[in-house]
Amino acid sequence: MTSQKITAAASGTWELGDLTVNRIGFGAMRLPQHGEAFAADAVPRDRDQAIRVLRHAAGLGVNHIDTAAFYFSPLRSANELINQALAPYPDDLVITTKVGPGRDPSGQWLPHATPEQLRGQVEENLRQLGRDHLDVVNLRIVGTDSIAERFGALAELREAGLIRHLGLSNVRPHHLTEAQAIASVVCVQNMYGIGASSEQKEFLDLCGERRIAFVPFYSIAGAGRTAGATTDHGPEVHTIARAHGVSAAQIRLAWTLHQGSHVLAIPGTGDLDHLAQNVTVGSLRLSEAELTALDPHHKTA
């Protein structure tokens with residue numbers, strides 16, 4: 001695979017409401033720091049390096065960036081880096097952010113926002129990104145309780161023109177049904193990757209049936225989560241990676257994209273080479289035999 005000739009367009013496209021994005025995007029969680037995201041002793045990433053990564057992503061056709069106001073380390077904020085690197089923003093660039101969680105200036109986690117507090121979080125994203133509206137806002141939650149009041153508050157902000165489209169993050173199927181009774185949902189962002197449970201697969205498929213984008217996080221990191229890419233790939237991943245001449249991480253990402261045309265990838269990195277490798281995955285095609293070897297319990301869409 002020659003990354004110099006491959007752009008994010010090779011991954012195909014999907015519509016987030018009336019916004020068209022390439023299926024390979026970019027996740028900004030790891031951009032503000034080296035090492036584990038949200039770590040109290042995180043070492044800030046060099047500003048110029050982070051800006052180069054963002055601009056190179058745009059140059060490779062990445063037009064879907066996932067971020068949040070709580071993505072920051074000492075001295076670095078993902079939103080502000082995006083603003084500095086890419087504003088004035090290209091017309092086709094879609095920036096998705098999320099609200100619900102929050103961190104104080106020292107980086108300590110705060111209780112999730114109440115319905116009344118969500119407007120402040122939306123406005124903080126607007127300020128940091130330098131925009132007068134947000135393309136997509138995901139309500140991120142923890143737990144199984146009703147989201148009606150919180151999602152309803154975001155729906156009101158959409159009606160007021162501060163938000164264009166709404167999504168959900170870290171939710172269950174009943175949350176999606178509850179939200180859709182209030183307003184349109186364009187995406188669901190949940191943890192997903194090789195080894196996902198049958199329930200997770202069923203939810204991914206449900207989103208496809210409802211024409212809702214499914215945006216997996218930790219598809220490369222796996223059990224590594226905020227610490228970064230897992231090294232526990234399994235022999236099948238390594239065998240298939242060698243056959244294609246790519247890394248194990250690229251195979252994990254490719255497998256995820258093969259789970260349905262509505263699946264959007266948002267791998268994150270602060271490294272230019274890793275960025276190029278992630279983008280090339282959009283052109284990587286796995287056979288049915290390879291997909292089954294990677295996870296025999298999953299049937300692709």
Report task. Test side chain to side chain contact (heavy atoms under 4.5 Å, CB included) on I141 and L139 and set out the steps. Result -> CA-CA 6 Å; I141 70 162; L139 174 64; 3.9 Å; yes
Requested in this report: Kindly determine whether L204 and Q259 satisfy side chain to side chain contact (heavy atoms under 4.5 Å, CB included), including the steps that lead there.
Outcome: CA-CA 8 Å; L204 180 150; Q259 300 308 297; 4.1 Å; yes
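Aromatic ring pairs are classed by plane angle as parallel below 30°, tilted from 30° to 60° and perpendicular above 60°; the pair Y192 and F214 is perpendicular.
Both tests do not hold together for R172 against F203: distance to the six-membered ring centre under 6.0 Å, angle to the ring axis within 45°. Note that R23 lies outside the cation-pi zone of W14, set by a 6.0 Å cut-off to the ring centre and a 45° limit from the axis. A cation-pi arrangement, defined by a distance under 6.0 Å to the six-membered ring centre and an angle within 45 degrees of its axis, is present between R103 and F72.
Partner Y71 forms a side-chain hydrogen bond (donor to acceptor under 3.5 Å, both in side chains) with one of Q128, Q33, K98 and no other, that one being K98. Shown are N170, T96, D66; of these, the side-chain hydrogen bond (donor to acceptor under 3.5 Å, both in side chains) with Q189 is made only by D66.
Contact record, A179 with F151: O-CE2, 3.4 Å, taken as the closest heavy-atom pair. Considering every non-hydrogen atom in both G35 and R30, the closest pair reads O-NH2, 3.3 Å. Minimum heavy-atom separation, L54 to L86: O-CD2, 3.9 Å.
The backbone N or O of L291 lies less than 3.5 Å from no partner atom in the side chain of D295, so there is not a single donor-acceptor pair.
Both I194 and L284 belong to a common hydrophobic cluster when Ile, Leu, Val, Met, Phe, Trp and Tyr are linked at side-chain heavy-atom distances under 4.5 angstrom.
Between D48 and R52 no salt bridge is recorded (no basic side-chain N to carboxylate O distance below 4.0 Å).
Side-chain contact check for H112 and Q117: no donor-acceptor pair (N or O, by modelled atom type) lies under 3.5 Å. With hydrogens and angles left out, the side-chain atoms of E236 and T239 include no donor and acceptor closer than 3.5 Å. Side-chain contact, N22 with S11: no donor N or O sits under 3.5 Å from an acceptor N or O. At a cut-off of 3.5 Å, with distance as the only test, a side-chain donor of S106 or D104 sits close to an acceptor on the other residue.
Rounded to the nearest 0.5 angstrom, D91 CG and L19 CG are separated by 11.5 Å.
Remark: E149 CD is loosely packed, at most 12 non-hydrogen atoms of other residues, nucleotides or ligands lying under 6.0 Å away.
The side-chain heavy atoms of I240 and L294, taken from C-beta on, include a pair separated by under 4.5 Å. Looking at heavy atoms from C-beta onward, H64 lies out of side-chain contact with F26 at the 4.5 angstrom threshold. Using a 4.5 Å heavy-atom threshold, the side chains of E80 and Q84 count as separate.
For the side-chain hydrogen bond (donor to acceptor under 3.5 Å, both in side chains) condition, the pairs that include at least one residue of residues 152-166, sequence neighbours left out, are D18-R164, D18-H165.
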